[in-house]
Amino acid sequence: MTGADLLTLQGVHTFIGQFHILEGVEFSVPTGSITVLLGRNGAGKTTTLRTIMGMTPPTEGVVTYNGQTLNGKPPHTIPRLGIGYVPEHRAVFRELTVAENLKISERKTGDFDRQADSIFTLFPDLKRLYTLRGGSLSGGQQQMLAIARALVPDNKLLLIDEPSEGLAPVIIEQMMAAIRELSQHKTVLLVEQNFRVASRLADRYVIIDDGRSVQTGLMADLKDDEATIKRYLGVA
Amino acid sequence: MIKGLLTQRRESVMTTVILFVILIAFTLFASNFDIGTFGVTLLSGLLKAMLLFLVGAGLALIFGLMDILNFAQGGTFMLGAYITYDLVHPNLGALSFLDGIPDPGLRFTVALIFGTAAGGILGYILERGLLRPLYKRPLFQLVLTFGVSIILLELVKLVWGPTPYAWTQRLALQDAQFVLFGQPFSVYRLFVIGMGLVMMVGVIALLRFTRIGIIIRAGVQDPEMVAALGINVRAVFTLVFTLGCALAAFGGGVAVPFLGATLSMGSTFLLASIAVIVLGGLGSFEGTAVGSFVVGIGWASMEQFSARPEIGTVWASLAPMLLLALILLIRPKGLFGEDR
């Protein structure tokens, strides 16, 4: 069930050093949806997520979340508005245990205790691995942990970058089931290179090409649009 | 992956154990197999280890979290020593507001608190006022902390002059001695070892068991991700810098009763502490703790060894760097280091 727009990007331009990475990205993410950013490698999908999080702030354009403009806010204040970020390559803290990786993202005392049951229902393996160091987990387990970490505080929006990257097919299925499950209560903005995964998960899409958002719409429509898929995603 | 990590860990521990066995054997040799001299040399090594830890802990935390090698850490150690010294010795000059306290022991305790606080305040100002605008320019930060260390040295020279000060206010703990294997050893030095151990356990407990410790350890690996969780990582930077400088100033304060206050003390301990953190493994706090014992004991035994006329005392001052070179030849990442 989707509602009003939770996140909106309007004419966003972002530079990394001297490189003009985003050259006018616009799209919106309706509340309750799973929206996926599609595009070839280097198109600007990850930079879009980082721009929303304030890690590579926009030089032009407006990012609005839940009615508030995010432009100019220090990066650490943006998650506090209710945005969870699961970066590419997971960025699990290797030296910390699974328990510490989860507890560090508490924003209020007791956040983890309140969410523990639902997190361990979603990712039962994490309960078993609770005392192990993050660096000793497999890729799939690290991905579970990274997503679980974003579920500890009561985030409304989750930004998940390449959740299927480098994972075995059976693990990808588990991950997809988990994302579908958590999307019952959260809005999700996903970056996904694997079109099969993206098309099965998302209900909306945004295609980013050369730093511009070139097409948006319902995933159900894109599935049948072979020409667009081939042109922008290189998938036959 | 777990197997790989365990193997790496086992290798670190094994190398450390072998190293300590060699160091103990060398200490015994340097002491001419005299058990009394051996005991005193070992205790001197532990004493040095604690002072190195107090300077090195701050260096390691700051470098681990912020990738800044704080050259001003030695200057902070020296500043802690001079402030403590001045406050304890009446009518010395610059600082006389504790002169009304008649008991030197009590004066020393209060002076130590002031010296430590001065180091903390210096660290706070340095991070907030000078380093923060330069976070995207690491080379500038390096030059800046080096510049601050020179300013501190000149400032100390200006306030207290270039002449070294020997400690003259006897503390009860200094006068008390105990006998170890027939050799006398000052109780105060044992007290410093104890204080160092308390600080070591305290910092380890802070890092292991508190939320701020978890944040610091996470920040050592990925400060950007810590900020992405909604944590003000810059405030953590300030805290760590303040704490690191306060620890160094505390080290200077507890060392001054037996080292005296000299202009060279900062650079001597800074260089040895850099050896400690590199040898222990950059970014590894436990490496710094272990490294301080290795360098401390190695340094003290080399002092003992180089007291022989045919050797020459220059070898003692080279000991930290020689140990560093030796360890890096065997383990280029240091004892507990990982790829950065």
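Scope of the values below: all heavy atoms of this structure, side chains included, with no hydrogens, waters or symmetry mates.
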Query raised in the report: A:Pro79 and B:Ala228: which non-hydrogen atoms are nearest, and at how many Å?
Result: CG-O, 3.2 Å
**Report entry** Which atom of B:Glu224 lies closest to which atom of A:Arg50, heavy atoms considered
**Finding:**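 Closest approach of B:Glu224 to A:Arg50, heavy atoms only: OE2-NH2, 2.7 Å.
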Query - Intermediate values then yes/no, side chain to side chain contact (heavy atoms under 4.5 Å, CB included), B:Val233 and A:His76 - result: CA-CA 8 Å; B:Val233 82; A:His76 71 275; over 6 Å; no
Check whether more than 12 heavy atoms from other residues, nucleotides or ligands sit under 6.0 Å from atom [atom1] of [X], and answer yes or no.
X	atom1	value
B:Phe146	CZ	no
B:Tyr124	OH	no
B:Phe140	CZ	no
B:Arg137	CZ	no
B:Arg208	CZ	no

Query raised in the report: Is the backbone of A:Arg94 close enough, under 3.5 Å, to the side chain of B:Gln221 for a donor and an acceptor to pair up by distance?
Result: yes
Query raised in the report: Does B:Arg211 offer a backbone N or O that forms a donor-acceptor pair with the side chain of A:Glu100 under 3.5 Å?
Result: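 Flag not set: sc A:Glu100 to bb B:Arg211 has no pair under 3.5 Å.
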Query - Heavy-atom proximity to chain B below 4.5 Å, by part of A:Val86 - result: neither
Report task. Nearest 0.5 Å please: distance from the CE atom of B:Met225 over to the CD1 atom of A:Ile104. Result ->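 These two atoms lie 9.0 Å from each other.
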Query - Rounded distance [0.5 Å steps], OG1 in A:Thr97 versus CD1 in B:Ile214 - result: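 Rounded to the nearest 0.5 Å, the OG1-CD1 separation comes to 7.0 Å.
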Query raised in the report: Who among A:Arg149, A:Met53, A:Lys103 has the most heavy-atom pairs with chain B under 4.5 Å?
Result: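 Maximum pair count with chain B is reached by A:Arg149.
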Query raised in the report: Per the side-chain contact (heavy atoms from CB on, under 4.5 Å) rule, which among B:Asn232, B:Leu229, B:Ile231 passes with A:Arg80?
Result: B:Asn232
